[in-house]
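Just below is one structure, and these are the notes that go with it.
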Amino acid sequence: MRIRLSSIVSLGLAGMAGFMLFQTSQNVQQAEHQLRGLNAQLTKEGEALRVLEAEWDYLNRPDRLEELARQHLKMKPIDPALLVRDGGALPDQMEPIIPARKPDPALRRAVLKPSPSPAGSPPSVAVHDPVASPATSSPSSENFDTLINRLTDTEPSGGTP
């Protein structure tokens, strides 16, 4: 009985194919097991979410919240006598927080320049405007410079570089 080389190769290939089929089958079974576990976990999480939503709806009932507010906040109903019936009784319009116009463009180009300070003390900062001269500076920039000088406790820069 003589065994041919082609028979040995065929048996080897059949054995490798069988082994690969077995490995693939095992991998599929393991993936299905993981999938079942993830589906079970997803179902559990969905149920927990439904329970939490039901609890949230129960705790946020308007009648319950009203009772808790009455107990803990010590709030009283609004007295109708305190309501304003005429708009003329309201105070005048307040000054707006945001200015009506934009600041001078020269102010936006102001440069911070360190001023000389005595030895041992922290350096102070003086603000000057390299573009505007004292003759062309607007009142708003003078007010701004005065404010900056007062805040930094330095001498007025006069707008010169």
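In what follows, residues are counted from 1 in the order of the sequence shown.
To the nearest 0.5 Å, the span separating CG on Leu35 from CD on Gln30 amounts to 12.5 Å. Atoms CD and CD, on Glu47 and Glu45 in that order, are 11.0 Å from each other to the nearest 0.5 Å. The CE atom of Met20 lies 10.5 Å from the CG atom of Leu13; values are rounded to the nearest 0.5 Å.
A donor-acceptor pair under 3.5 Å links the side-chain atoms of Thr43 to the main chain of Asn39, judged by distance alone.
For the 3.5 Å distance criterion, the side chains of Gln71 and Glu67 qualify, holding a donor opposite an acceptor.
Minimum interatomic distance between Leu65 and Asn60 (heavy atoms only, all atoms of both residues): CD1-O, 3.7 Å.
Under a cut-off of 6.0 angstrom, the local environment of CG in Leu59 is crowded, with over 12 non-hydrogen atoms contributed by other residues, nucleotides or ligands. Within a 6.0 Å sphere centred on CZ of Arg4, other residues, nucleotides and ligands contribute 12 heavy atoms or fewer.
Under the 4.5 Å side-chain heavy-atom criterion for grouping Ile, Leu, Val, Met, Phe, Trp and Tyr, Leu21 is not connected to Met16 through any hydrophobic cluster.
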